[in-house]
Amino acid sequence: MKTIIEQIDLRQMDKETIKKAGDILKSGGLVAFPTETVYGLGADALNEDAAKKIYEAKGRPSDNPLIVHIADMEALDNITEIIPETASSVARKFWPGPLTMIFRKTGAVPLGTTGGLDTVAVRMPKHPAAKEIIRAGGGYIAAPSANTSGRPSPTTAQHVEEDLDGKIDMIVDGGPVEIGVESTILDMTVNPPMILRPGAVTKEMLEDLIGKISVDRTLIEPDSSKAPKAPGMKYRHYAPKAELTVLEGDLLQVIKEINRRAEEKAAEGFKVGIIGTIETVGRYSTGNVKCIGTRQDEMTVAGNLYGILRDFDSEGTDYIFSESFSTGGIGNAVMNRLLKAAGQHLIHV
Ligand code: AMP
Ligand code: MG
């Protein structure tokens with residue numbers, strides 16, 4: 001299959017490009033497009049055969065359900081059975097935006113989209129191109145991250161091309177995304193609502209609005225033998241090919257230990273990568289040192305995380321050592337993805 005790649009200017013979107021993307025989606029094809037979180041791989045969520053193509057292109061396990069993306073509030077009624085009042089408040093405040101909510105589904109949503117579950121995950125993205133493409137494609141677009149399953153999620157159209165060129169109909173290139181980690185997932189079918197995946201909309205932000213929120217235990221104790229409630233969270237995800245180790249503790253001690261480990265691996269002939277920050281990169285002496293952002297603002301770290309993991313892959317890195325980050329605000333989502341990429345390999349120094 002030849003993949004069409006088209007750039008779109010977000011200040012002045014080309015109607016032809018949007019129409020082409022919409023037509024492909026309506027006829028059951030696959031279109032990757034930017035959202036504010038990561039690039040999504042879109043298909044008509046109400047067409048089981050189209051949804052099935054997503055699993056094939058990504059190599060995604062079929063029990064891992066897809067998030068249905070909508071562009072307008074009115075679209076919710078057709079696909080969800082009960083919308084609790086708290087969900088309406090959350091939607092008013094955080095939609096469009098980086099938040100997914102889970103509801104009981106109606107018969108309109110095929111089980112092939114929800115991985116066999118009787119619930120459906122729904123998000124309304126804020127990204128202008130995403131909105132237009134969803135509308136042009138019929139209003140209900142299943143769109144998981146547009147990467148090969150298991151690889152870091154794509155934050156640029158080039159990342160999508162690396163993984164999916166020749167496997168999908170079209171890539172709409174809207175430049176680098178704004179946030180860089182996937183949406184917060186909030187399960188509205190339980191009381192109190194439960195966070196299944198941390199993202200840019202934090203527990204504190206949600207609690208300020210609707211009161212008590214619980215958190216899936218497996219996010220707090222990742223080693224627990226219980227399966228996560230979001231099926232996708234059980235996979236070793238977002239992972240680079242290299243062995244990634246995250247080190248936490250007093251920052252000066254962390255730097256010292258990273259240098260020690262990096263020197264040891266380099267001496268054995270391995271290609272070593274280090275993830276540091278503006279504040280610390282000057283203190284590393286061995287290996288390929290990359291700056292992921294500033295410790296003053298974890299949004300910058302979120303934005304660079306997946307791109308850096310992909311760069312280490314393309315450079316053939318064997319071992320990566322990373323500093324850890326504070327867990328306030330979006331830092332919680334960053335640490336969740338970083339530790340998953342590391343297969344929970346966290347060292348306290
Ligand atoms: P992705 O779109 O690739 O970022 O992944 C979507 C995430 O949402 C995965 O972790 C899924 O397991 C989760 N998810 C989607 N639908 C549901 C649902 N109905 N119930 C629980 N988790 C869901
Ligand atoms: Mg994904």
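As the structure lists them, so they are numbered: ligands from 1, and atoms in each ligand from 1.
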Exercise: do Thr294 and Thr300 side chains pair donor with acceptor under 3.5 Å: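 Judged by distance alone, the side chains do not pair up.
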Side chains of Arg197 and Ser183, donor plus acceptor under 3.5 Å: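 Note: Arg197 and Ser183 side chains meet the donor-acceptor criterion.
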Pair Glu85-Arg92, salt bridge (Lys or Arg N to Asp or Glu O under 4.0 Å): steps then yes or no: CA-CA 11 Å; Glu85 181 42 40; Arg92 273 194 297 275; 3.5 Å; yes
Need the ligand 1 atom indices (1-based, order shown) with element for anything under 4.0 Å from a heavy-atom of [X].
X	answer
Leu117	18 (C), 19 (N), 20 (N)
Asn64	9 (C), 11 (C), 12 (O)
Lys229	21 (C)
Glu182	4 (O)

Protein heavy atom at shortest distance from [atom]:
atom	answer
atom 14 (N) of ligand 1	Pro65 CG, 3.6 Å
atom 2 (O) of ligand 1	Pro144 CA, 3.1 Å
atom 3 (O) of ligand 1	Arg60 NH1, 3.1 Å

Any carboxylate oxygen within less than 4.0 angstrom of a Lys/Arg side-chain nitrogen, looking at [X] and [Y]?
X	Y	result
Arg123	Glu182	no
Glu56	Lys52	no
Asp163	Arg310	yes

Ligand 1 N/O within reach of [X] N/O, cut-off under 3.5 Å:
X	result
Lys58	no
Ile102	no
Gly232	yes

Lys105 heavy atom under 4.0 Å from ligand 1: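 Under 4.0 Å: no for Lys105.
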Non-hydrogen atom of Ile185 closer than 4.0 Å to ligand 1: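 Under 4.0 Å: yes for Ile185.
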Checking contacts here: is it the side chain or the backbone of [X] that comes within 4.0 Å of ligand 1, counting heavy atoms only? Could be both or neither.
X	value
Thr119	both
Thr114	neither
Arg197	side chain

Heavy-atom check, side chain of Leu25 versus side chain of Asp44, under 4.5 Å: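 Side chain of Leu25 against side chain of Asp44, heavy atoms only: no contact under 4.5 Å found.
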Determine yes or no for a side-chain-to-main-chain donor-acceptor pair under 3.5 angstrom, with [X] supplying the side chain and [Y] the backbone.
X	Y	result
Asn64	Gly232	yes
Asp173	Gly175	yes
His348	Leu346	no

Any N, O or S atom of Asn147 closer than 2.8 Å to the Mg ion (ligand 2):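 So Asn147 does not count as coordinating the Mg ion (ligand 2).
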